[in-house]
Amino acid sequence: MPRTTDQSETGAPTPSPHDADFAFATRAIHHGYDPAGFSNAVQPPVFLTSTYGFESVEANEAAAALGGRLYAREYNPTTEILEKRLANLEGAEAGLVVASGMAAFGTLILSLLSQGDELIVHKTLYANTLAMVEQAVPRFGIKVVAVDLSVPSNLKGAITDRTRLVFFETPVNPLSRILDIAAIAEHAHARGVKVAVDSTFASPALQRPLEHGADIVIHSLTKYINGHGDALGGAILGDAKTLHTLHETGLRYITGAALSPMSAFLILRGLKTLTLRMDRHSASALAVAQALEAHPAVAWVSYPFLDSHPDQVIARRQMSQGSGIMAFGLRAGYEGARQMMNRLKLITRAVSLGDADSLIYHPASLARARKAIRKDAHLADGVGEDLMRLSVGLEDAADLIADLRQGLDAV
Ligand SMILES: *Cc1c(COP(=O)(O)O)cnc(C)c1O
């Protein structure tokens, strides 16, 4: 007799694949998508439509009352699957996906903060987030206060009655330092302030900030979550009320930065292998970090799961593995970095991270080039002239180590 799909042998109902009780890797493949609702298509269809037709004026009004299922900037079935899945994987009530990681940060700040409010950020940030908080956010009358959150009690002196949000990355781009989510959240919550964490470097496979007390998580989906270097995307995950505001104002009319449904499809496809990829990225990166640390031309290596990392106790508490990114510097400094990078044959010289391809970049070289265009361009606090950021891909680790060695041996 064929077994029915909704009853187990004990007669208890078996959860359907979109139920929440499955483990992470299973939910990364199935959550939020029920093929029965989409002609039994096993993979989610891509809805390339800008608008939706209605049978009557009344039906149109009803859709508007439900929160704008009228037009593709506010609603798309493919992107909605991605929102549900990401929210589930982060342990959030709701999610919003947007056109890029920068769109996620912009949507968050411009929707939740107003003139006169204050925003606290960690002193080291991804270069474009830093540009936004230094050059754009203050133009709207929002005061930005940069604090060293590696000492969480520094928040005590920085929070005022006007502070609305504490924002930081962990791991921190590009230093791969780790900030203590639980300790920072405790200080912020004591004063009634919300905490938003950019968890791009870890992905929800390795770190779920909401479980450590954060209120909101943002991601550049461009990085590990898509993982293949072929789409841009961003996400904001958190409580339903905040996400409703972000959707109804931030996406609808403040930024309008809707994610393309084709990109949502690609990111959903990438997400299916996230668990496997993060295991491999992490294992290879640890091997690469150890090999770099042992090379005489290398002055220092910062990788969260190395014994020499200053934050490794916090890293091991809030991350299950170290992820694929490290920072390192050579004894030969700035010039040494340029020489070594130019000798690499396998590892690609490129910005971005989290792809199957290993990518290496030297922030100081790019900052010098940018300075010619913008005088105030500068490196983030703590980023030295010698620092290189390496995103270890999914190639064979031995090949990556050999490429780095042949580059380093000449320096
Ligand atoms: C890349 C990155 C961003 C920006 O994301 P985009 O998708 O490139 O706009 C934000 N935060 C971190 C930590 C990043 O690495």
Side-chain angles (χ1 to χ4, degrees), residues 79 82 86 90 95-110 119 121-137 149 165 167-179 181 196-204 206-207 209 214 216-237 250-251 255-260 263-264 266-267 270-271 278 281 285 302 304 319 322-327 350-355 357-361 363 366 379-383 387-393:
T79 57
L82 180 59
L86 289 171
E90 284 288 0
L96 179 70
V97 294
V98 290
S100 69
M102 282 313 298
F105 184 67
T107 302
L108 180 74
I109 300 303
L110 298 177
L119 166 69
V121 297
H122 180 55
K123 65 189 177 90
T124 311
L125 292 166
Y126 164 66
N128 290 301
T129 306
L130 182 70
M132 168 125 178
V133 299
E134 285 185 345
Q135 288 153 34
V137 176
L149 293 178
L165 191 69
F167 176 86
F168 60 93
E169 302 159 0
T170 188
V172 178
N173 190 353
L175 301 173
S176 283
R177 291 290 302 263
I178 304 296
L179 298 176
I181 301 167
V197 177
D198 180 336
S199 190
T200 298
F201 267 38
S203 93
L206 305 185
Q207 165 179 287
I216 295 165
V217 176
I218 79 165
H219 282 287
S220 167
L221 303 177
T222 315
K223 315 293 172 55
Y224 285 114
I225 290 177
N226 179 49
H228 294 75
D230 51 12
L232 295 183
I236 313 168
L237 300 316
L251 182 60
T255 67
L259 180 68
S260 142
S263 296
L266 289 170
I267 295 163
L271 197 45
M278 295 316 290
H281 282 299
S302 172
M319 297 171 76
S323 191
I325 304 152
M326 69 197 67
V351 296
S352 200
L353 54 99
D355 294 352
D357 310 58
S358 289
L359 306 173
I360 191 166
Y361 119 100
L366 278 193
L379 289 167
D381 190 282
V383 180
L387 182 146
M388 284 174 276
R389 185 187 72 195
L390 173 62
S391 170
V392 173

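Whatever order the structure lists them in is the order used to number ligands and atoms, beginning at 1. Position 1 is the first residue of the sequence; numbering continues from there.
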ask   = Distance-only, no hydrogens or angles: does the Y224 side chain make a donor-acceptor pair with backbone N or O of G324 under 3.5 Å?
value = yes
Run through all N or O atoms in ligand 1 and write down each protein N or O closer than 3.5 Å, as a pair with its distance.
from, atom 1, to, atom 2, distance (Å)
ligand 1, 5 (O), S220, OG, 3.0
ligand 1, 7 (O), G101, N, 2.8
ligand 1, 7 (O), S220, OG, 2.8
ligand 1, 7 (O), T222, OG1, 2.7
ligand 1, 9 (O), G101, N, 3.0
ligand 1, 9 (O), M102, N, 2.8
ligand 1, 11 (N), D198, OD2, 2.6
ligand 1, 15 (O), N173, ND2, 3.1
ligand 1, 15 (O), K223, NZ, 2.8

key: salt bridge (charged side-chain N to carboxylate O under 4.0 Å, His left out) partners of D357, counting only residues at least two apart   = none
note = Across all chains, not counting sequence neighbours, the side chain to side chain contact (heavy atoms under 4.5 Å, CB included) partners of A131 are Q135
Ignoring hydrogens and angles, write down the donor-acceptor pairs under 3.5 Å from the side chains of residues 226-233, residues two or more places apart or on other chains.
from, atom 1, to, atom 2, distance (Å)
N226, ND2, D230, OD1, 2.8
H228, ND1, N226, O, 2.8

query = Does the ring centre of F105 sit less than 6.0 Å away from the ring centre of Y126?
reply = no
request  = Compute whether any side-chain donor of one residue and acceptor of the other, for T255 and T107, lie under 3.5 angstrom apart.
outcome  = yes
